[in-house]
Each structure stands twice: as structure tokens, then as C-alpha cells.
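I have placed the structure first, in the form of C-alpha cells, so that the comments after it can refer back to it.
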Amino acid sequence: MIFRGWWNTRLHSIGFLSDFRVTITLRKEFIVSKIGTFIHSVIVGLLLLGCLSVAQAGAPGPYRLVFMDISELPYQDGQKLAIELRKMDKLSEVQKDGCFMCNGAKDNDEIDFIYLYSVPVGLSVDDLRKAVNGDDDAKRRMQTVLNQFADAQGANVDGLLIYLHQEGKVTIYTMDREIGSKLKAETKPVKTRLLHSSLDTLLEKAAGKLNRPV
């Protein structure tokens, strides 16, 4: 009886130790799992932060643009529309979500500066009309002006957005400051004149085609 009692106690102790070891093992596995999850989260966070930093470092920044209307009479409404659009705080959400050109609230982070009232010396409406009609020499002359231009602070421009209103349509031509690069075009059918929201969309698409090295 004494031996049996001792043996039962021994077995109980062994069972307790076994359960204790299992508990310790499970806790270790749980802790290791938590540490692994934490390390994984830290690594993913660092990678995302690194990607964001690289993306921000590689961004070319806000645009510096020139806008010119080369339309013939009676379609010369581009400068007036662009100035009105630039003075707006925002567009109606029904018309467009966000506004590329609006700067009435002085909080536009898309465009640093746009020449609307005056343009760099040397840009010619006649040469630009020839350029959009395929005159390569005229195009290169205008691109040379853009390429060599710098303001009083030494800042350059990214390129020129050329507005051409013809019967039934408006086209925005994108001219890079890179001499010899091709003109690119965005066109929208129109009955009389563009809505401000439509002009904003055209200008945003046209500006997006500029080659802007980081």
C-alpha cells in the first residue's frame, strides 16, 4: 500500500511535470510567434517607409508652366478662361473632384507658377502656330526659348501648354523644353466654349505629358 501510494504520487508528479513542460513549450512557441510577428511588422514598416522616402525624393515637384492661346479670331478665349480658372478656390464636386489649376485659396500644391499674363521673351504666336502645323524649325526655335529661359531667381520652366480653339474643338498641345521633342495633344469637342472643369482636365492631362527629370 505504501509503495502503491508512493507510485501514484510519483505518477502524479510526472504528469504535473509533463503538463508544466507542455505549458512552457506552448508559451515559448507563443512568445516566439509574437516576436516573429513584431519583427515582420517592423520590417514591412521600414520597407514601406523606405519606398515612400524614395518616391518623395524622386518626385519632380510642383509644375512651372507657360500657357499661351494661339487661336484665331473669334476663338481667342483661352487666356480669359485660364485666368478665371486660376482665380477659383475650387471647382464644384459635381464637375470634377479636385482642381489642377485653381489657386484662389493660395493652397495649390500642383503648380508652383504659371505664366498667364505674360510669357518668356522670344515665344511667338506665329511660330507656335507653325509648330503645331508640323514646322520642325519653328518648334525647335520655341523649344530653344523654353530651354534657355530662367527667371530672376534662376528658376526654369517645365514646358509650354498651347491652347488652340478651332470650330468644334479645343486642343491643348504639350511642348517640352527639350529641344527636338515631339508635341503631344489633348483634344475635346466643344460647341461654343469649354467649361472651366473641362479646361482644367485638359490642362492636367497635357501637363502630365511633360518630360520632367527628377
Side-chain angles (χ1 to χ4, degrees), residues 60-88 99-103 108 110-214:
Y63 290 94
R64 290 183 59 83
L65 303 168
V66 182
F67 175 92
M68 287 184 69
D69 182 355
I70 64 168
S71 309
E72 302 275 3
L73 289 172
Y75 300 110
Q76 294 173 349
D77 57 354
Q79 185 183 36
K80 180 176 182 294
L81 284 172
I83 289 172
E84 290 172 351
L85 180 58
R86 187 66 173 160
K87 288 180 177 179
M88 290 181 177
C99 182
F100 176 69
M101 275 280 286
C102 298
N103 197 37
N108 188 308
E110 295 277 2
I111 300 174
D112 177 39
F113 192 85
I114 181 166
Y115 288 86
L116 284 172
Y117 298 94
S118 61
V119 298
V121 175
L123 290 179
S124 159
V125 170
D126 288 338
D127 266 349
L128 289 173
R129 286 172 178 166
K130 292 175 184 177
V132 300
N133 285 318
D135 188 323
D136 192 61
D137 290 336
K139 182 190 70 173
R140 286 176 175 273
R141 284 195 297 272
M142 296 297 91
Q143 289 174 329
T144 299
V145 173
L146 291 173
N147 185 271
Q148 296 178 352
F149 174 78
D151 64 15
Q153 286 72 45
N156 305 117
V157 291
D158 296 311
L160 169 64
L161 303 183
I162 305 166
Y163 178 98
L164 178 59
H165 185 175
Q166 297 168 303
E167 185 177 0
K169 66 178 181 179
V170 169
T171 303
I172 304 291
Y173 291 93
T174 302
M175 178 179 280
D176 271 308
R177 64 192 301 271
E178 181 186 347
I179 301 170
S181 60
K182 294 182 179 180
L183 295 179
K184 307 175 187 74
E186 284 288 338
T187 301
K188 183 175 179 61
V190 62
K191 290 184 178 179
T192 54
R193 55 172 268 176
L194 281 177
L195 295 174
H196 290 104
S197 56
S198 297
L199 176 60
D200 190 66
T201 298
L202 279 178
L203 292 173
E204 185 173 11
K205 289 180 178 179
K209 294 180 178 182
L210 285 167
N211 179 25
R212 299 201 296 157
V214 296

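Just so you know, these numbers use all the heavy atoms, side chains as well, and skip hydrogens, waters and symmetry mates.
Thr171 and Gln166 are not linked by any side-chain donor-acceptor pair at a separation below 3.5 angstrom, with hydrogens and angles left out of the test.
The minimum heavy-atom distance linking Leu85 with Cys99 is given by the pair CD1-SG, 4.1 Å. Shortest non-hydrogen contact noted between Arg86 and Met101 is NH1-O, 2.8 Å. The two residues Tyr115 and Asp151 make their nearest non-hydrogen contact at OH-CB, 3.8 Å. Shown here for Leu81 and Tyr163, the closest heavy-atom pair between the two residues is CD1-OH, 3.9 Å. Shortest non-hydrogen contact noted between Met175 and Leu210 is O-CD2, 3.7 Å. Annotation for Tyr173 and Leu164: closest pair CE1-CD2, 3.9 Å, computed over non-hydrogen atoms.
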* **Verdict with supporting geometry, Val157 and Phe113, side-chain contact (heavy atoms from CB on, under 4.5 Å)** => CA-CA 9 Å; Val157 291; Phe113 192 85; over 6 Å; no

* Asked: How far apart are the C-alpha atoms of Val119 and Leu160, what are their side-chain angles, what is the distance that settles it, and do they pass the side-chain contact (heavy atoms from CB on, under 4.5 Å) test?
  -> CA-CA 10 Å; Val119 298; Leu160 169 64; over 6 Å; no

* side-chain contact (heavy atoms from CB on, under 4.5 Å) between Ile162 and Ile172: does it pass, once the steps are laid out? -> CA-CA 5 Å; Ile162 305 166; Ile172 304 291; over 6 Å; no

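Looking at heavy atoms from C-beta onward, Leu146 lies out of side-chain contact with Met142 at the 4.5 angstrom threshold. With contacts defined as side-chain heavy-atom distances shorter than 4.5 Å, the pair Tyr63/Arg212 qualifies. Within the 4.5 Å cutoff, the side chain of Lys80 has heavy atoms near those of the Arg193 side chain. Two residues are said to be in side-chain contact when any heavy atoms from C-beta on lie closer than 4.5 Å; Asn156 and Arg64 fail this criterion. Side-chain contact between Asp135 and Lys139: absent, with no pair of heavy atoms (C-beta onward) separated by less than 4.5 Å.
For Lys188, the NZ atom counts as loosely surrounded, since its 6.0 Å shell holds 12 or fewer non-hydrogen atoms of other residues, nucleotides or ligands.
Electrostatic pairing of Lys184 and Asp176 counts as a salt bridge here, judged by a charged N lying under 4.0 Å from a carboxylate O. Contact check on Asp136 versus Arg140 returns a salt bridge, with a Lys/Arg side-chain nitrogen under 4.0 Å from an Asp/Glu carboxylate oxygen.
To the nearest 0.5 Å, atoms OG1 (Thr187) and NZ (Lys205) are separated by 10.5 Å. For the atom pair Asn108 CG and Phe100 CZ, the distance stands at 7.5 Å (nearest 0.5 Å). The structure places SG of Cys102 at 9.0 Å from NE2 of His196, a figure rounded to the nearest 0.5 Å. With rounding to the nearest 0.5 angstrom, the CG atom of Asp158 is 11.5 Å from the OG1 atom of Thr174. Atoms CZ and CD, from Arg177 and Gln143 in turn, are 11.0 Å apart once rounded to the nearest 0.5 Å. Here the straight-line distance linking atom CD of Glu110 with atom CD of Glu204 works out to 6.0 Å at 0.5 Å rounding.
Under the side chain to side chain contact (heavy atoms under 4.5 Å, CB included) criterion, Arg141 pairs with Asp127, Asp137, Ala138, not counting sequence neighbours.
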Side-chain donor-acceptor pairs of residues 65-76 under 3.5 Å, sequence neighbours excluded:
residue: Asp69; atom: OD1; partner: Ser71; partner atom: N; Å: 2.8
residue: Asp69; atom: OD1; partner: Ser71; partner atom: OG; Å: 2.6
residue: Asp69; atom: OD2; partner: Asp77; partner atom: N; Å: 3.4
residue: Asp69; atom: OD2; partner: Gly78; partner atom: N; Å: 2.8
residue: Ser71; atom: OG; partner: His165; partner atom: N; Å: 2.7
residue: Gln76; atom: NE2; partner: Ser71; partner atom: O; Å: 2.8

